[in-house]
Each structure stands twice: as structure tokens, then as C-alpha cells.
Amino acid sequence: MSTRIAVLVSGGGTNLQALIDARGKVLKSGEIVLVVSNVPGAYALERAKKAGIATETVVKKELGSQQAFEEKLMQVLDENKIDIIILAGFMTILTERFTSHYPKRILNVHPSLIPSFCGAGFYGLRVHQAVLDYGVKVTGATVHFVNEIPDGGEIIAQKAVEVLPGDTPETLQRRVMEQAEWILLPQAAEKVCSELKFIGRIGK
Ligand code: GAR
């Protein structure tokens, strides 16, 4: 039986698309069965629907607190018997209450070479702006396990990408996505899913 994957998103969902496009190719040991957004109307939800994947929207503001938000997320994930959670542009921090429930079962893609340009406040275009402000000549992407430390879990895969003269945060983001994130995330997901087959599923 294949590993059941939930992908958590907040925005455009190009990393989700990379996972969808990898189905049956790079991603063979896991099945994307659910996409959860914390932002109503996120374009990633459209991508999921087009691919025939079930969607849920869980909004912190509507639930009133971080605790209620995380409890609802856990309920949805448990109801769908999710084995692996992939954060693909999921722009909210999860506390230990949530992360400790899924040790080595949550993956995140981050658009820099951790431990550079990561942690609280470093997300999306802000990461690439910080890279340009510092003047580093090489950046990249990292896929890592998620624990209670923001961007602090064990690294699964990394890929370097050149910063070019004249780059803007937008051009750099695009290059990091094309040359690193969209390749690395499906590969890392496959690695974790295939290894999980031998370890067993949550609660079993
Ligand atoms: C991606 O670059 C992802 O690495 C980044 O947000 C973008 C989401 O794009 N995530 C973070 O910064 C998390 N700290 P997408 O919605 O098109 O996949």
C-alpha cells in the first residue's frame, strides 16, 4: 500500500504542481490524497482540484487560536489517515504541539541553503531579498524534516543555485524554484515515502 501524503499550502502552489507532475514518475511510493490550505482561495487549491485531489481549507482566524488551528489540522490529517505531510509554501509556523505529533513525518521546502537565510521571518520573496542584500553569490533550496525549531529540522536534500548580476527577488526566486525546489521536493518526498514503507505507518 502506498504512503498517503497531504500537502499543506498557502499560495500559488508551484511546488505542489511539481509534486503532482511527479506522480508515477519520480514520486512512486506515495500518493497525494489531500491538499490543505490555510488561505481561502489560494491558487494551489485549483491545482489540486484539476488533478483530482481532495482539498480542505483550515483558517486560523476563523478558529480563534493557534491551538484550535493545529487541532483542526490534526483532525483533518488523522481523518484522512495521512502518513506524510509536505509543507509546500505553507506560510505559517507550526508549534511543538503539532510537530511532535508527526516526528520525521513532516517535510518542508525552504528557498535557501539552510542554515543561511532561514528561521522566523524568512519566507517567500523575503528570503531572496535578504540573499541579494547580503550579496552572497550562491543560494539554493533545502528540503528538511520539520521539528519545533523553525527551519531547524534534519536536512534531507539541498541544491545550490547561482545568484546572477542584475537579479531581483523575483528572478532569483524563479531560478531557485526551477533549478532546485521543483526537482528536489519530489525526489525528497519519494525518498521519505519509500523508506517509510519499511518502517510502517502512523499508529500501526
Ligand atoms: C517557495 O519558494 C517555497 O520554498 C517558499 O515559498 C514559495 C512558495 O511557492 N517557502 C518558504 O519560504 C517557507 N519558509 P509555491 O506556492 O509556488 O510553491
Side-chain angles (χ1 to χ4, degrees), residues 5-23 26-27 32 34-51 53 55-58 60 73 85-95 98-99 106-134 136 138-163 167-189 192:
I5 302 170
V7 184
L8 274 50
V9 297
S10 302
T14 64
N15 279 288
L16 168 66
Q17 192 66 52
L19 290 165
I20 289 170
D21 294 345
R23 292 182 301 180
V26 171
L27 184 54
I32 308 166
L34 180 68
V35 170
V36 184
S37 174
N38 68 325
V39 176
Y43 185 65
L45 292 168
E46 292 305 312
R47 296 182 189 271
K49 283 173 195 155
K50 274 185 202 152
I53 301 166
T55 62
E56 290 272 359
T57 304
V58 180
K60 195 188 317 191
L73 269 183
I85 299 155
I86 301 179
L87 310 185
F90 189 60
M91 301 302 195
T92 187
I93 299 235
L94 295 163
T95 70
F98 183 91
T99 59
I106 313 172
L107 284 70
N108 180 46
V109 59
H110 182 77
S112 76
L113 292 175
I114 290 176
S116 290
F117 308 107
C118 65
F122 286 98
Y123 57 87
L125 283 172
R126 287 171 182 233
V127 176
H128 304 293
Q129 182 68 62
V131 163
L132 294 174
D133 289 348
Y134 202 97
V136 295
V138 176
T139 183
T142 304
V143 179
H144 62 94
F145 285 117
V146 174
N147 63 11
E148 69 284 1
I149 304 159
D151 298 326
E154 185 187 324
I155 289 171
I156 302 165
Q158 287 188 303
K159 194 164 186 287
V161 174
E162 248 189 306
V163 180
D167 262 337
T168 63
E170 289 79 11
T171 61
L172 185 56
Q173 179 184 55
R174 183 78 193 178
R175 189 175 318 110
V176 169
M177 284 174 158
E178 283 176 355
Q179 295 185 7
E181 295 184 53
W182 299 341
I183 300 164
L184 224 49
L185 186 59
Q187 287 175 350
V192 173

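Whatever order the structure lists ligands and atoms in, that order sets their numbers, starting from 1. Atoms considered below: every heavy atom in the structure, side chains included; atoms not considered: hydrogens, waters and symmetry mates.
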| task | Please indicate whether any nitrogen or oxygen in His128 is less than 3.5 Å from any nitrogen or oxygen in ligand 1. | result | no

| note | Closest to atom 8 (C) of ligand 1 among protein heavy atoms sits Gly89 CA, 3.6 Å

| remark: If you compare Val143, Val109, Leu16 by their heavy atoms, the one closest to atom 13 (C) of ligand 1 turns out to be Val109

| query | Do other residues, nucleotides or ligands put more than 12 heavy atoms under 6.0 Å from Glu162 CD? | reply | no

| request: Carefully, step by step, assess Val7 and Ile53 under the rule side chain to side chain contact (heavy atoms under 4.5 Å, CB included). | output: CA-CA 10 Å; Val7 184; Ile53 301 166; over 6 Å; no

| query | N/O to N/O below 3.5 Å, does that happen between Thr14 and ligand 1? | reply | yes

| said: Between Ser37 and Pro40 (side chain of the first, backbone of the second, donor and acceptor by atom type, cut-off under 3.5 Å), is there such a pair? | reply: no

| Under 4.5 Å between any side-chain heavy atoms of Phe145 and Val192, yes or no? | yes

| query | With only distance considered, is Glu181 within less than 3.5 Å of ligand 1 through an N or O on each side? | reply | yes

| field | Sub-4.0 Å atoms of ligand 1 with respect to non-hydrogen atoms of Met177 | value | 1 (C), 2 (O), 9 (O), 17 (O)

| note | Logged contact type for Phe122 with ligand 1, heavy-atom cut-off 4.0 Å, is backbone

| Does any N or O atom in Gly13 lie less than 3.5 angstrom from one in ligand 1, N or O only? | yes

| Donor-acceptor contact below 3.5 Å, side chain Ser10 vs main chain Met91 | yes

| said: So if I count the atoms of ligand 1 from 1 in the order they appear, which ones are less than 4.0 Å from some heavy atom of Gly12? | reply: 16 (O)

| said: Show me which atoms of ligand 1 lie under 4.0 Å from any heavy atom of His110. | reply: 14 (N)

| field | ligand 1 contacted by Met91 (non-hydrogen, < 4.0 Å) | value | yes

| query | Is the side chain of Lys60 donor-acceptor paired with the backbone N or O of Asn38 at a distance under 3.5 Å, no angle test? | reply | no

| field | Atoms of ligand 1 close to Pro111 [distance to a heavy atom under 4.0 angstrom, numbered from 1] | value | 2 (O), 4 (O), 5 (C), 10 (N), 11 (C), 12 (O)

| query | Less than 3.5 Å between some nitrogen or oxygen of Gly124 and one of ligand 1, yes or no? | reply | yes

| message | Out of the candidates Leu185, Val109, Val26, Val35, only one should pair with Leu19 under the side chain to side chain contact (heavy atoms under 4.5 Å, CB included) rule; please name it. | response | Leu185

| task | Please indicate whether Tyr123 has more than 12 foreign heavy atoms, meaning atoms of other residues, nucleotides or ligands, lying under 6.0 Å from its OH. | result | no

| query | Is it true that a side-chain atom of Ser112 and a backbone atom of Phe117 form a donor plus acceptor pair closer than 3.5 Å? | reply | yes

